[in-house]
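Down below is the structure, laid out as structure tokens.
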Amino acid sequence: MTEKGESQVQFDLRQLRNIGVMAHIDAGKTTVTERILYYTGLTHKMGEVHEGTAIMDFDPEEQARGITIHAAATTCPWADHTINLIDTPGHVDFTAEVERSLRVLDGAITVFCGVAGVEAQSETVWRQADRYKVPRLIFINKLDRTGADFARVLADIKERLHSNPVPVILPLGREADFNGFIDVIEQKGYVYTDEMGNKFEETEISEEQHVTAHIEREHLIEHVAEFDDEMMHAYLEHQTITNEMIRRAIRKGTILGRVNPVLCGSALKKRNIQPLLDAVVAYLPSPADIGVYQAHVPSKDKEKKEEMVELHPDPNEPFAGLAFKIASDQHGDLTWIRIYSGTLKSGSRVLNVNRDKKEIVSRLWRMHADERIRVDEAVAGDIIAAVGPKESVTGDTLCDPKRPVLLQKMHFPKTVISMSIEPQSSAEKDRLGEVLRILAREDPTFKFFGDSETGQTIVAGMGELHLEVLKHRMLRDFNLDVRVGRPRVAYRETIKSAAQAEGKFVRQTGGHGAFAVCKLVVEPFKNEDEDITVTFVNEIRQGAIERNYIPAVEAGVRTAAQSGIVSGYPLIDIKVSLVDGKDHPVDSSEMAFEAAGSIALKAAVEHAGVTLLEPLMKVEVVTPNEFFGDVTGDLMSRRATITHTDMRNNLRIIHAEVPLGEMFGYSTVIRGLTQGRASYSMEPHVYAPVPESVAEDIANGLK
């Protein structure tokens with residue numbers, strides 16, 4: 001690459017921001033996004049979530065429910081920069097949309113309600129961003145509401161999220177009188193002079209506000225001085241610290257993930273969105289700031305030491321990108337791709353490394369919610385939608401066939417709820433299978449499988465709402481008439497202790513027979529990788545079994561574990577060691593060893609003893625204080641463990657762990673107990689042993 005070309009690439013990249021907006025449900029994140037579209041000039045009329053006119057909530061299901069279900073992307077300009085923006089869901093049932101968005105973003109805006117503060121899903125999305133080391137801004141929203149308290153929410157964020165929030169603007173006015181902001185760095189106040197939030201002007205602030213702003217500026221300097229050498233020197237030498245020094249240090253600290261600049265406003269009332277956009281440009285990183293991305297060099301030899309390769313955001317490098325979302329579309333399925341290096345052109349041929357298959361990228365589109373703009377190519381740093389790939393699913397790496405690389409995979413939670421689904425007529429049975437495959441390709445947290453005992457098709461997901469939305473999609477988008485059974489909890493089983501057993505599969509016939517013997521040791525074991533529920537280890541010594549039969553034993557073990565040993569529920573959190581065995585030079589085969597592995601696992605697990613596990617949900621209930629006793633009493637009747645409670649004005653916040661099986665229909669009950677004045681949220685927490693009396697009811701089909 002020429003020097004001139006390189007400087008041009010660097011300039012373009014530094015003007016780009018790939019960001020997401022994330023929050024607990026109803027914190028106002030989609031309204032923030034709608035205001036961003038308006039003030040950047042991308043739209044000329046503000047969409048409203050409560051009216052069903054939000055541009056980013058374009059799906060009929062989203063408009064009807066007033067919530068975000070699908071992550072939606074758009075591109076907008078601000079201050080000579082280009083912002084690729086993804087609006088993510090806030091409901092825990094659609095947490096996979098947040099996960100895959102954060103995996104490919106360089107920065108994020110986390111929105112908090114100025115009244116409710118840090119809520120259950122706020123903590124979840126914060127942890128997800130921590131996992132991928134995503135730099136974050138904080139926007140405390142709804143400060144015009146009665147009960148809003150900027151200082152309390154700030155303290156809540158610091159305490160519950162263990163973060164380092166640093167205010168860069170302060171609210172001017174409280175609750176109904178909120179109408180502007182104080183710039184902490186500039187030490188100036190600004191008020192809005194029109195209802196649409198387009199115009200604001202400098203205003204005088206009181207002596208008390210001056211003192212508060214000065215103290216906050218000193219705190220800000222103390223928090224960020226270490227990130228800029230010039231500023232640190234000036235700070236230690238008691239020299240003048242310029243505003244430019246402060247902004248530069250905030251940017252460095254934010255990109256390192258050590259500080260989180262805090263802004264505040266009211267998206268609904270159109271207040272303080274412009275300062276938020278300025279902060280996105282000033283403090284969040286460009287792809288050039290991230291610089292190098294690590295990738296693996298794929299190898300089929302599991303014993304070979306893993307090699308790493310660096311990817312640079314350079315259009316002239318070989319192409320490498322991550323498919324992070326698949327969306328079914330009547331004009332061809334869309335594969336959303338984040339490009340980490342190189343250039344992707346329409347009509348190009350790429351390698352799907354995960355599936356070892358070539359894919360054609362026939363067309364490229366830049367997305368604006370449900371609208372699209374055709375482009376001929378996209379370069380490193382871009383987020384783009386492609387039509388053409390047939391095999392790719394969420395998390396697959398696409399790259400130049402001449403340089404195979406494998407990018408970090410994504411983490412998705414396990415499904416916790418299932419229900420049976422059947423077509424209304426036999427003619428639609430084949431179509432049902434096709435539709436389920438489409439939905440599973442789109443959504444990594446949606447699973448389907450056949451129940452060998454009943455012959456029914458079972459679908460599994462993250463919650464009742466998740467499965468209900470998918471059912472409505474089948475009816476609306478695919479014109480498929482189905483009936484569904486009652487939701488069922490996704491129980492699991494595990495072993496009580498270590499045990500060993502031998503599995504034999506011996507068949508003697510006139511010709512070739514079948515011969516396989518293997519000895520397994522099973523023990524309780526929780527893998528650090530949450531996606532691995534059964535850990536298989538080969539401890540065969542001196543070639544007791546031919547090496548090519550070992551994978552067959554593992555396959556038999558995993559198949560048996562998936563179908564369950566005692567109660568029929570999948571087996572989790574175990575380690576299976578293959579310690580001995582025998583083969584036959586003529587009669588042994590992979591099929592025989594797969595069967596022997598399955599037999600050995602079943603025998604070992606029966607010796608070890610089985611415990612039934614149920615998913616516990618982390619539940620947060622916000623209720624007026626007068627209903628506190630009724631709500632806690634009802635939770636206790638559901639086998640809840642109340643971990644702690646908080647007070648917030650006249651509201652009580654109850655934190656509890658409750659078995660999922662006891663929470664079906666809770667929304668109706670909580671409305672009745674509190675005259676519709678309470679709200680609740682829940683998310684999967686952990687699997688825990690089921691009490692023996694309840695386990696008996698489950699075994700007898702009573703639960």
Side-chain angles (χ1 to χ4, degrees), residues 9 12 16 18 58-59 70-75 82 84-86 97 100-101 103-105 287 293 295 298 311 313-407 409-410 431 433-444 473 477-478:
V9 169
D12 289 341
L16 179 64
N18 291 317
F58 55 84
D59 186 277
H70 308 288
T74 191
T75 302
T82 298
N84 286 329
L85 178 67
I86 296 181
E97 292 285 309
R100 56 185 172 191
S101 298
R103 169 62 184 83
V104 300
L105 293 171
Y293 300 88
L311 306 181
D314 181 346
N316 294 323
E317 270 199 8
F319 162 72
L322 188 74
F324 70 95
K325 178 178 168 115
I326 311 296
S328 177
D329 190 271
Q330 59 181 341
H331 303 297
D333 289 356
L334 290 173
T335 302
W336 295 29
I337 302 168
R338 164 65 195 264
I339 303 176
Y340 287 97
S341 70
T343 300
L344 181 62
K345 297 182 179 180
S346 293
S348 59
R349 197 177 186 86
V350 298
L351 172 67
N352 183 323
V353 182
N354 301 73
R355 312 201 180 278
D356 196 22
K357 290 189 176 181
K358 300 279 182 69
E359 298 266 43
I360 297 288
V361 177
S362 56
R363 295 188 299 282
L364 294 174
W365 303 93
R366 199 168 296 285
M367 303 301 295
H368 173 47
D370 61 340
E371 298 177 5
R372 52 174 85 171
I373 302 166
R374 180 96 177 251
V375 294
D376 294 326
E377 66 178 38
V379 299
D382 256 337
I383 292 175
I384 203 76
V387 174
K390 304 294 184 189
E391 304 290 337
S392 300
V393 298
T394 297
D396 283 357
T397 300
L398 303 176
C399 64
D400 188 324
K402 295 177 182 176
R403 188 190 66 170
V405 294
L406 197 59
L407 289 156
K409 67 178 182 180
M410 300 182 201
R431 283 197 63 232
E434 181 185 342
V435 169
L436 292 178
R437 281 189 289 275
I438 291 171
L439 295 176
R441 183 166 177 254
E442 285 187 15
D443 186 348
R473 278 205 63 197
D477 297 348
F478 298 99

First locate atom [atom1] of [X], then atom [atom2] of [Y], and finally report the distance between them rounded to the nearest 0.5 Å.
X	Y	atom1	atom2	value
R363	D376	CZ	CG	12.5 Å
R441	I326	CZ	CD1	5.0 Å
D443	I438	CG	CD1	13.5 Å
I339	L344	CD1	CG	5.0 Å

Determine the minimum heavy-atom distance between [X] and [Y], stating which atoms define it.
X	Y	answer
L364	S346	N-OG, 3.6 Å
G395	L322	O-CD1, 3.6 Å
S341	R403	OG-NH2, 2.9 Å
W336	A327	NE1-CB, 4.5 Å
F324	R100	O-CD, 2.7 Å
I86	S101	CG2-OG, 3.6 Å

Of V350, T397, I337, L398, the one forming a side chain to side chain contact (heavy atoms under 4.5 Å, CB included) with S392 is L398
Would L406 and N354 count as a side-chain contact (heavy atoms from CB on, under 4.5 Å) if you check the C-alpha gap in whole Å, the side-chain angles of each, and the deciding distance to 0.1 Å? CA-CA 8 Å; L406 197 59; N354 301 73; 3.6 Å; yes
According to the salt bridge (charged side-chain N to carboxylate O under 4.0 Å, His left out) rule, which pairs have a member within residues 341-355, sequence neighbours left out? R355-D396
K390 backbone acceptor or donor facing D333 side chain under 3.5 Å: no
So, S362 side chain and V387 main chain: donor-acceptor pair closer than 3.5 Å or not? yes
Sequence neighbours excluded, the answer for side chain to side chain donor-acceptor pair (under 3.5 Å) partners of T335 is none
Using the side chain to side chain donor-acceptor pair (under 3.5 Å) criterion, which residues pair with R431? Sequence neighbours excluded. none
Y340 and V405: CA distance, side-chain angles, deciding distance, side-chain contact (heavy atoms from CB on, under 4.5 Å) verdict: CA-CA 11 Å; Y340 287 97; V405 294; over 6 Å; no
Note, P315 side chain near E377 side chain (heavy atom, < 4.5 Å): no
Run the side-chain contact (heavy atoms from CB on, under 4.5 Å) test on R366 and I384 for me, step by step, so that the C-alpha distance in whole Å, both residues' side-chain angles and the decisive distance to 0.1 Å come before the verdict. CA-CA 6 Å; R366 199 168 296 285; I384 203 76; 4.1 Å; yes
Would you kindly say whether R103 and T394 are connected by a side-chain donor-acceptor distance under 3.5 Å? no
Test side-chain hydrogen bond (donor to acceptor under 3.5 Å, both in side chains) on T75 and N84; report intermediate values, then the result. CA-CA 4 Å; T75 302; N84 286 329; 2.8 Å; yes
